[in-house]
Amino acid sequence: MPNPFTLRLATPTDVGVLAQLIERSVRELQAGDYSIDQREGALGTVFGVDSQLIDDGTYFVVECDGAIVACGGWSKRRTPFGSDHGPARDSELLDTRIDAAKIRAFFVHPDWARRGLGTMVLHACEQAAVEAGFVQLEMTATLTGVKFYETQDYERGEAFEVPLGNGGRLPVVRMHKCVGA
């Protein structure tokens with residue numbers, strides 16, 4: 001059976017669809033790990049579209065029959081997580097010799113979850129980061145994503161909480177993987 005999924009780089013015209021996908025993914029797939037207040041407080045800042053990733057050509061989408069069903073990317077910049085309106089924005093470029101590329105903003109449409117789409121995007125990100133010269137990868141993983149990333153050989157690091165605009169806090173875990181010499 002042919003693979004119905006197509007992986008491509010995101011474009012600025014995808015932003016509206018990506019915003020809708022991210023909101024639905026967060027509200028439904030993260031419900032087992034985060035409260036309604038945490039999910040809603042994180043939408044738009046911690047969870048949302050980061051147009052810098054799109055502009056840098058480091059954000060991927062997966063399509064099925066022309067519809068975007070998953071997305072995720074990597075960054076060569078210091079911003080560790082968050083949307084265009086996130087609190088931790090830092091557009092300074094990373095040094096491939098000493099810094100880890102950032103794995104960023106992975107979301108899957110709930111109707112398409114657990115079909116290998118996250119793995120498809122993650123492998124594309126890892127390959128692109130290695131081709132750009134990085135030998136280390138890191139991320140700020142949601143509680144929902146930790147088990148998935150562990151299956152992809154990422155190691156748990158520091159657990160911490162991200163303050164939210166609504167006064168809440170979002171527990172997350174820093175994760176790391178070496179990919180080169």
Side-chain angles (χ1 to χ4, degrees), residues 1-34 38-39 42-44 46-76 79-84 86 100-132 134 136-156 170 172-177 179:
M1 182 160 52
N3 183 350
F5 303 109
T6 304
L7 180 76
R8 66 168 174 83
L9 288 173
T11 67
T13 60
D14 295 324
V15 168
V17 173
L18 290 170
Q20 291 175 351
L21 170 88
I22 291 167
E23 287 182 16
R24 182 139 182 225
S25 179
V26 167
R27 288 184 173 128
E28 294 182 35
L29 296 180
Q30 295 187 9
D33 296 299
Y34 297 115
Q38 287 172 315
R39 286 176 280 144
L43 281 168
V46 178
F47 303 136
V49 177
D50 182 342
S51 59
Q52 183 70 66
L53 298 175
I54 295 171
D55 292 345
D56 285 346
T58 61
Y59 202 63
F60 295 93
V61 298
V62 176
E63 291 181 318
C64 184
D65 294 327
I68 296 175
V69 297
C71 56
W74 69 280
S75 182
K76 56 187 172 184
T79 300
F81 60 85
S83 73
D84 287 341
K102 310 293 189 234
I103 300 297
R104 304 268 319 277
F106 273 60
F107 300 96
V108 177
H109 189 286
D111 293 344
W112 296 92
R114 292 166 192 78
R115 297 185 192 203
L117 303 181
T119 302
M120 177 190 300
V121 175
L122 184 60
H123 290 174
C125 290
E126 290 174 344
Q127 180 179 347
V130 167
E131 288 172 2
F134 287 94
Q136 299 177 73
L137 305 170
E138 69 180 19
M139 71 182 71
T140 302
T142 63
L143 299 180
T144 308
V146 168
K147 289 179 187 157
F148 164 68
Y149 293 117
E150 285 178 329
T151 68
Q152 301 298 312
D153 299 323
Y154 284 81
E155 296 179 14
R156 285 185 197 227
L170 190 77
V172 293
V173 177
R174 191 165 285 121
M175 299 188 80
H176 183 267
K177 179 178 182 177
V179 290

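Listed for the Y34 side chain is no donor-acceptor partner under 3.5 Å among the backbone atoms of V26. K177 places a side-chain N or O within donor-acceptor distance of the main-chain N or O of Q152, the cut-off being under 3.5 Å. In this structure, the side chain of R104 does not engage the main chain of G73 through any donor-acceptor pair within 3.5 Å.
Taking each heavy atom of L21 and F107 in turn, the nearest pair found is CD2-O, 4.1 Å. Taking both residues in full, the closest heavy atoms of C71 and I22 are given as SG-CG1, 4.5 Å, listed atom of the first, atom of the second, then distance. Between S83 and G44 the shortest heavy-atom distance is OG-O, 2.7 Å. Here the closest non-hydrogen pair linking S75 and T58 is CA-OG1, 4.5 Å. Across all non-hydrogen atoms, the minimal contact from L53 to A105 is CD1-CB, 4.5 Å. The two residues A141 and V146 come nearest to each other via the heavy atoms CB-CG2, 4.1 Å.
In D65, the CG atom is not crowded: 12 or fewer heavy atoms of neighbouring residues, nucleotides or ligands sit closer than 6.0 Å.
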Evaluate the criterion side-chain contact (heavy atoms from CB on, under 4.5 Å) for residue pair W112 and V62; output intermediate values, then yes/no. CA-CA 10 Å; W112 296 92; V62 176; over 6 Å; no
Determine, stepwise, if the pair K102 / E138 fulfils side-chain contact (heavy atoms from CB on, under 4.5 Å). CA-CA 5 Å; K102 310 293 189 234; E138 69 180 19; 2.5 Å; yes
Audit row: Y59, L9, side-chain contact (heavy atoms from CB on, under 4.5 Å) steps and yes/no: CA-CA 6 Å; Y59 202 63; L9 288 173; over 6 Å; no
Checking Y154 against L137 for the side-chain contact (heavy atoms from CB on, under 4.5 Å) test, could you report, in this order, the C-alpha distance in whole Å, the side-chain angles of both residues, the deciding distance, and whether it holds? CA-CA 9 Å; Y154 284 81; L137 305 170; 3.2 Å; yes
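Considering CD1 of I68 and CG of L18, their distance stands at 5.0 Å, rounded to 0.5 Å. Interatomic distance, CG of D14 versus OG of S51, reported as 12.5 Å (0.5 Å rounding). Distance CE/M175 to CE/M139: 6.5 Å, rounded to 0.5 Å. Taking OG1 from T119 and CZ from F106, the interatomic distance works out to 9.0 Å, rounded to the nearest 0.5 Å. Rounding to the nearest 0.5 angstrom, the gap separating the CZ atom in F47 from the OG1 atom in T142 is 6.0 Å. With rounding to the nearest 0.5 angstrom, the CH2 atom of W74 is 11.5 Å from the CD atom of Q127.
Using a cutoff of 4.0 Å between basic side-chain nitrogens and carboxylate oxygens, K147 and D33 are not scored as salt-bridged.
The shortest distance between side-chain heavy atoms of T140 and V46 does not fall below 4.5 Å. Contact check for F148 versus L122: side-chain heavy atoms found under the 4.5 Å cut-off.
With no hydrogens or angles considered, no side-chain donor-acceptor pair links E28 and H109 at under 3.5 Å.
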